[in-house]
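All remarks here apply to the structure that follows.
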Amino acid sequence: MGIGLSAFSSALAEIYYFKPQTLTVSLMFLAIISYIIGTAMHTFIPQRGVFNWLNPHPFNKKENAFVIIMASAAANAALATEVLAVQRLYYDVNPSAAASIPLLFSSQLLGYGIGGLMRSVLVYPSKMFYPSILPLISMLDTFFRDRTATQRKIQVFWSVFSIIFVWELFPEWIFPLLTGFSIFCLAAPNSPAVSRLFGGSNGNEGLGFLSICFDWLYISALNPFTVPLKALISALFGYILCIAVFIAVFYGNVWKARNFPFLSQVLFYENATLYDQSLIMGANYQVDPQLVAEQGLPYYASTWVIYLIATNLALAATVTHLLIWNHNDLRAAWTWLSPASFQHTWNEIHWRFWKYDGHHGGVDDNDDLDPHYAQMLKYPDAPNSWYGLTAVLSLIVAFVIIYKCDSTLPWWGLVIALLLATVFILFVVALYAMTGIPLSIQTFVQMVAGYLHRGKPMANMYFVLYSYNTMNQAQLLLRDLKIAQYVKLPPRAAFAAQVIGTLFGATMNFVLMSSIISNRHDTLLSIQGSNVWSGQQVQQYNSQAIAWGGLSSELFSIGSRYHWVPLSYIVGLFVPIPFWLVHRYWPKLQTDLVYTPLICAFIGTLAAGVNASALSFFIVGFASQWWLRTRHPRWFQKYNYIVAAALDGGTQVMTFILSFAVFGAAGHIHLFPSWWGANQAGNYDHCMLLQ
Ligand SMILES: *[C@@H]1O[C@H](CO)[C@@H](O)[C@H](O)[C@H]1NC(C)=O
């Protein structure tokens, strides 16, 4: 089942990378599907004779978790295939399969190795509780516990599941006005200002202020039932600041904001025509400064610049915040780097690992041992040396491969990429583990790479691959290791599931990418594409690389137009300090409740996408984490996470079906006929269509 679902999810993810529609295979979807298939297999495979070997006992929680973890490791389009696709389509560089597959393996596994070495800090402690997976855990608990004890919870689960399943038909297809119901838009459908502030039912429309969203798909992008109250409050502050700053920047015409669309993620000429990145590419796959001078320096929409600033502030603030508030929790993370630890690890490598009975190194026996982790101690651990070996092998391969794949990234660039990744794995993943809110380091590392490797888009892509992707993989796999800890899946089984899932998924990715590119080369290169295939995402990725690789220093150096973007990184380092000082001297003010990194990150939160969901997100979040938790704690304890799981599950299964039935995943798009509630010609909330 694990292999089957891994094949399914990785193939789907890769195919959809080359399609005009997007489709993601979510964790909850995989969980529900695997539960259904697993129970069905137990029911239908006979249990007598030889079959008893295939079907020895009812499908259980650990088996289910194993399948989920394996498929989850496979369920994405590996960033390396995107890099290879750009190389093949736009640079006519064709690394062989013998170079490409190791590239994929190393870039997918490096983060796993490094992250794994930090698991005693990022997974074992109770503090790192990964709120976003609690609904899943609650669901597995309910499914697999003794039926009589959980009957009521099961009933609640399937009722909520069915209701939301049917409901999603409305906001997603029949009645999309419900995505963003805004009185202001309905009252003033012809005002650009109203559209910018209140519109939010369509991508890049407006800020969706006071708009009410009834579509769980958007509300649950970060599941509000799970984000802890502290994090919610900080996010709310950041969100309000975001609206104020975006409006101020646009109407104050900062960076010529009013020349360009309010929300946009692309580059423009000063006259708001789209910037053509291909015109600045010179020979040798490098950006030519003379051509840049001819074309002039491009502009971003100002709200996007604010997003970049907010991201940098947040990343820097994360480092300081964790250092001053959580230094004790983090100290252990670096112990594996000490010489004594290397000695220890070396001694610990059990060359005849099949005979090794396993013991748990690295954690002290202390009183506040996480209860879930305490129960894991009865299983042999997957030793540090396994993770270490994974990291070292990937590293060696990476150093060879960047030259074999004509990446133009020198070895020292790779070293810096990995150092950045390692630092951010510790800090950003720790923040994610405590708050459930992920930060992206993508734009930050793109900028760094742009400075280090001027004018080299391809080096930029490889740098991002080995820093951003490494961190992402670490985050994904550490989260899944926590799933293993919650359901008490033995550590070695979890290790096997993740490594097999990752390698198998990467191979599937590569096979599909190669075959799609050789068969659809011309379609993918055309701007329009067809309605079945489209090179739009590859193209975007390529232009991003050219923009950052070629223009970082021109756009962002001190004295240039956007110099606050890198400077905000320095400012961000100081942001958490006042709150810490205030807390030291006036603890009654409770400034220890403030997550400055989240406030900073949320200042950029509305820069892209469908924004109508924010109000609903905060309402549900506060209702769950504050009202239910304090006023009805028993109800909260029993039902909060199972309801969250049911809502996610029902929504995701319906969205999956809809994407094939009506959103063109199978080739043809069938939008609902236009009516008041489905304004197909404009914005769904009837706010003015700008641009
Ligand atoms: C905007 O400027 C660019 C570059 O100077 C030029 O190529 C383009 O035609 C202009 N567009 C309009 C609409 O004037």
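Atoms within a ligand are numbered from 1 in the order they appear, just like the ligands themselves.
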Does F424 have its ring centroid less than 6.0 Å away from the ring centroid of F444? yes

When you measure from the side chain of W564 to the backbone N and O of I306, does any donor-acceptor pair fall under 3.5 Å? no

Residue shell around ligand 1, heavy atom under 4.0 angstrom: Y269, N271, T273

Parallel, tilted or perpendicular, as decided by the 30° and 60° cut-offs, for the rings of F556 and W548: parallel

Side-chain donor-acceptor pairs of residues 514-522 under 3.5 Å, sequence neighbours excluded:
unit_1: S514; atom_1: OG; unit_2: F510; atom_2: O; d: 3.0
unit_1: S518; atom_1: OG; unit_2: S514; atom_2: O; d: 2.5
unit_1: N519; atom_1: ND2; unit_2: S515; atom_2: O; d: 3.0

Is the side chain of S191 donor-acceptor paired with the backbone N or O of V194 at a distance under 3.5 Å, no angle test? yes

Looking at G206 and L263, what are the two nearest heavy atoms and their distance? O-CD1, 3.7 Å

